[in-house]
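The chain is numbered in sequence order, starting from 1.
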Amino acid sequence: MNPLLSAEQAVLGSVLLDPGQLAHLDWLAPDHFYRPIHQALFAALRKLRTESHPAVATGERVPLSWVTDAAAEASNHVRGLTAAYPHILISACPRPEHAPVYGRMVLEGAIHRSVTAHAIRLHQAARAAALQGEVEGALHHADVLAGVLEDLARRWGSEPRPVAPATPPPTAPVAPPARADQVAEDEQFLLAVLVEQPKAMDEVVGWLRPSDFADPAHGQLYRCVGALHHRGEPIDRITVLWEAQRRGLLADGTLTTEQLTAIYDGIGAGSAEWLGEQIMRSSVARTAAASARAIRALAENETLAPGRLISHALHALGPLDNVRARWQTANGHPAPAPPPAPPTEGPPTAQVHAALARSTARPAARPSECPGSASTSSAARPPSRAHG
């Protein structure tokens, strides 16, 4: 049986058995449920509670009308809900008082699904940006994803801060970037301009980095030109070739004579700033796609706790933030101020703790009461709070 489906059934069964459990589930929303029938039922139960259904006020035996009225209300918004299904939900609930724990499981599944969906949208926007040469759409979806991650962190009760994963998530093979030929031509053209017009390096050195080049060989050659510029040495085809040899780029095959000849024989007249902006556009789109792939791989890992998922996903957005800042510098626009934090209208702290279902720490036993070896101290025990 699907654990997530069982958790959704259990939390609904808990509320059908004990309407008072809704008071401990204010942080859980209908759209956190995966099945539409479950979404409709939970929304119906919350509506009945808001309208002061008689079952909510009584502390005694729950009347049958609580179940039938919830089913009738949910049937107005979804198809396929039979009169028998609420009773199936009731039988699927082991203990009604465990509703906050079941709700936490539902929220955990919703977090993984939400992060996956927004990562897919970011990847689609990045692919469109690579085709159209416009990056605003990809950056907008990246902002939306960052906002979603911060909101999910508050709902989960964790701190939204980027943390690098211990091991990078596996990623699928990357398809060749869109307009790869045009991007390669722009990179070669820019390098030819920089070699023939060394002063043009001043136009791009402040914001263009070797990692922005789609071809690693072009990025290494740009690094050579940048090193000569930094040291104040002359820049021409001979000095650049010598710098590439000193860095071992010819010996290890990173650069070939054919690549250098193609660059040196290119037209050396052009705007380095304009060409650099074209390369930056491509870099923004590639970086956004790479971040989206990494975040999707994290979200599809069901063993990753929500707190860690959110932290690792925020970390995966870091490279895109770096490229965005340099892209804005290239266009003469200062980086926008971070948006104000939304009002904290989340659940009370007690309800957050109930949602997380953390176990309370037990008092440490005295050495004389500890079974076995006395060397096993309370400080050596694992913490009772689960991380993430």
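Applying the side chain to side chain donor-acceptor pair (under 3.5 Å) rule to R223 yields no partners; only residues at least two apart in sequence or on another chain are considered. For the ring pair (Phe, Tyr, Trp, His ring centres under 6.0 Å) test, residues two or more places apart in sequence or in another chain that qualify with F42 are F33. By the ring pair (Phe, Tyr, Trp, His ring centres under 6.0 Å) test, H38 pairs with Y85, sequence neighbours left out. In terms of the side chain to side chain contact (heavy atoms under 4.5 Å, CB included) criterion, residue partners of A117 (sequence neighbours excluded) are, by chain and number, R121.
Closest approach of L228 to P234, counting heavy atoms only: CD1-O, 4.0 Å. Nearest heavy atoms, D215 versus A217: OD1-N, 2.9 Å. Nearest heavy atoms, L16 versus L45: CD2-CD2, 3.8 Å. Of all the heavy atoms in A74 and L81, the pair that sits closest is CB-CD2, 3.6 Å. Considering all non-hydrogen atoms of both residues, I37 and G80 come closest at CD1-O, 3.8 Å. In this structure, A200 and V193 approach most closely via the heavy-atom pair CB-CG1, 4.3 Å.
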Q: Start with the C-alpha distance between H118 and S114, add both sets of side-chain angles, then the distance that settles side-chain contact (heavy atoms from CB on, under 4.5 Å), and finish with yes or no.
A: CA-CA 6 Å; H118 284 281; S114 180; 3.7 Å; yes
Q: Could you go through the side-chain contact (heavy atoms from CB on, under 4.5 Å) check for T239 and E233 one step at a time?
A: CA-CA 9 Å; T239 59; E233 298 180 0; over 6 Å; no
Q) Is there a side-chain contact (heavy atoms from CB on, under 4.5 Å) between V183 and I279 once you walk through the steps? A) CA-CA 7 Å; V183 172; I279 295 172; 5.9 Å; no
Q. Between V78 and L41, is a side-chain contact (heavy atoms from CB on, under 4.5 Å) present by the stated rule, with each step listed?
A. CA-CA 9 Å; V78 69; L41 270 172; over 6 Å; no
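For S91 (side chain) and I88 (main-chain N/O), a donor-acceptor pair under 3.5 Å exists by modelled atom type. Side-chain N or O atoms of T261 include one that pairs as donor or acceptor with a backbone N or O of T257 at under 3.5 Å. Although no hydrogens or angles enter the test, the distance criterion places no donor-acceptor pair under 3.5 Å between the side chain of E273 and the main chain of E203. A donor-acceptor pair is defined here as one N or O able to donate and one able to accept, closer than 3.5 Å; such a pair exists between the side chain of N331 and the backbone of W327. Side chain of T287 to main chain of P319: no donor-acceptor pair is present (N/O by atom type, distance under 3.5 Å, no hydrogens or angles). Between the side chain of R113 and the backbone N or O of H32 there is at least one donor-acceptor pair closer than 3.5 Å. Between the R155 side chain and the W27 main chain, a donor and an acceptor come within less than 3.5 Å of each other. H112 places a side-chain N or O within donor-acceptor distance of the main-chain N or O of L304, the cut-off being under 3.5 Å. Using modelled atom types, no side-chain atom of S291 and backbone atom of A288 make a donor-acceptor pair closer than 3.5 Å. Judged by distance alone, the side chain of R286 and the main-chain N or O of D212 form a donor-acceptor pair under 3.5 Å.
Of the inter-residue distances, the one linking L221 atom CG with H218 atom NE2 reads 7.5 Å to the nearest 0.5 angstrom. For the atom pair CZ (R46) and CG (D26), the distance works out to 7.0 Å, reported to the nearest 0.5 Å. Note: M280 CE to R209 CZ = 9.0 Å, rounded to the nearest 0.5 Å. If you take CG on L208 and OG1 on T329, they are separated by 12.0 Å, rounding to the nearest 0.5 Å. Atom CD in Q220 sits 11.0 Å away from atom CZ in F213 (nearest 0.5 Å).
You'll find the side chain of Q9 reaches within 4.5 Å of the side chain of L89, heavy atoms only. Here the side chains of Q278 and E187 are not in contact, with every heavy-atom distance at 4.5 Å or above. Inter-residue side-chain proximity for E108 and W156 is flagged as met; some heavy-atom pair is nearer than 4.5 Å. The shortest side-chain heavy-atom distance between V284 and L139 falls under the 4.5 Å cut-off. When side chains are defined from C-beta on, D151 does not count as touching V148, because their heavy atoms never get closer than 4.5 Å. Taking 4.5 Å as the limit, some side-chain heavy atom of L149 sits within range of a side-chain heavy atom of V115.
Residue pairs meeting the side-chain hydrogen bond (donor to acceptor under 3.5 Å, both in side chains) criterion with at least one partner in residues 14-23, sequence neighbours excluded, are D18-Q21. Sorted by first then second residue, the ring-ring contact (aromatic ring centres under 6.0 Å, His included) pairs that include residues 62-82, not counting sequence neighbours, are H53-W66.
Looking at D186 and R281, no side-chain N of the basic residue comes within less than 4.0 Å of a carboxylate O on the acidic one, giving no salt bridge. A salt bridge links E73 with K47: the closest approach of a Lys/Arg side-chain nitrogen to an acidic carboxylate oxygen falls below 4.0 angstrom.
Linking ILVMFWY residues whenever their side-chain heavy atoms come closer than 4.5 Å, directly or via other members, leaves I120 and I295 in distinct clusters. At a threshold of 4.5 Å between side-chain heavy atoms, the hydrophobic network of Ile, Leu, Val, Met, Phe, Trp and Tyr places I111 and L4 in two separate groups. A continuous path of hydrophobic side-chain contacts links I310 to V144 [ILVMFWY only; heavy atoms under 4.5 Å].
Under a cut-off of 6.0 angstrom, the local environment of CZ in R231 is crowded, with over 12 non-hydrogen atoms contributed by other residues, nucleotides or ligands. The number of heavy atoms from other shown groups lying within 6.0 Å of CD (E136) is above 12. With a 6.0 Å radius and a threshold of 12 heavy atoms from other residues, nucleotides or ligands, R95 has its CZ atom at or below the threshold.
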